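Working notes, structure below.
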Amino acid sequence: MASSLESNKIAAAVLTAGVIAMMSGFAAELLYHPQELEENVYTVAVAEGGETAEAAVAEEPALAPIGPLLASADAANGETVARKCTACHSFDEGGPTKVGPNLYDIVNRQITNYDGYSFSEALVAKADQAWDYENLNGFLHRPRDWAPGTKMSFAGLRKESERADLIAYLRSLSGSPAPLPE
């Protein structure tokens with residue numbers, strides 16, 4: 001008999017909660033009267049020709065060339081920026097492959113030319129390219145935009161100066177550093 005009373009209490013509590021919710025809805029309708037505006041406060045410009053607002057959205061401007069910034073880049077600061085990368089990459093000559101490949105002597109190396117590392121399909125598709133200054137700049141800016149489908153989960157470096165410093169540091173990691181672009 002005790003369990004029957006408990007069931008009744010639970011059922012009464014659920015019904016009471018439903019009635020209270022319904023009554024609060026009615027009370028809100030009585031207290032709040034929304035007014036329809038004669039004219040929209042915010043107007044949305046639609047391009048002529050029937051294009052939708054989505055199609056009219058301007059594309060993000062192209063990345064500025066990194067060459068001019070490399071002339072004044074600070075490799076020592078780039079080494080500091082590279083600390084973000086040490087969890088996944090090594091920088092020493094002959095260093096180990098971690099989650100990502102070793103980055104020693106990467107400037108002007110073919111993109112997938114590294115033994116002992118399985119590159120993503122996104123980078124394999126770019127195997128005919130080299131890690132030149134502009135490719136490094138694009139990849140370091142937004143890896144997933146530059147190579148959609150890459151395994152690299154790093155969000156990227158938004159500041160041009162940080163990218164230039166990091167690329168200058170990567171350039172210094174070589175027995176014979178690549179010449180700077182003109």
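Reckoned from all heavy atoms, side chains included, excluding hydrogens, waters and symmetry mates. Model, not experiment: these values are computed from the prediction.
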Leu170-Val99 co-clustered via ILVMFWY side chain contacts under 4.5 Å: no

Min side-chain heavy-atom separation Arg142-Arg158 under 4.5 Å: yes

Contacts of Lys151 that satisfy salt bridge (Lys or Arg N to Asp or Glu O under 4.0 Å) - sequence neighbours left out: none

Heavy-atom side-chain proximity of Leu140 to Trp146 below 4.5 angstrom: no

Distance-only donor-acceptor check, side chains Thr97 and Tyr114, under 3.5 Å: yes

Within-4.5 Å side-chain heavy-atom neighbours: Thr150 and Arg144: yes

Student check: side-chain heavy atoms of Leu70 and Pro181 closer than 4.5 Å: yes

Among Ile111, Ile167, Asn108, the one residue meeting side chain to side chain contact (heavy atoms under 4.5 Å, CB included) with Trp131: Ile111

Phe26 reachable from Val19 in the ILVMFWY side-chain graph, under 4.5 Å edges: yes

Mutual orientation of the aromatic rings belonging to Phe91 and Tyr169 [parallel < 30°, tilted 30-60°, perpendicular > 60°]: tilted

Test item: Leu157 and Lys84 side chains (from C-beta on) under 4.5 Å apart, heavy atoms: yes

Steps toward side-chain contact (heavy atoms from CB on, under 4.5 Å) verdict (Cys88, Met152): CA-CA 9 Å; Cys88 299; Met152 188 161 156; over 6 Å; no

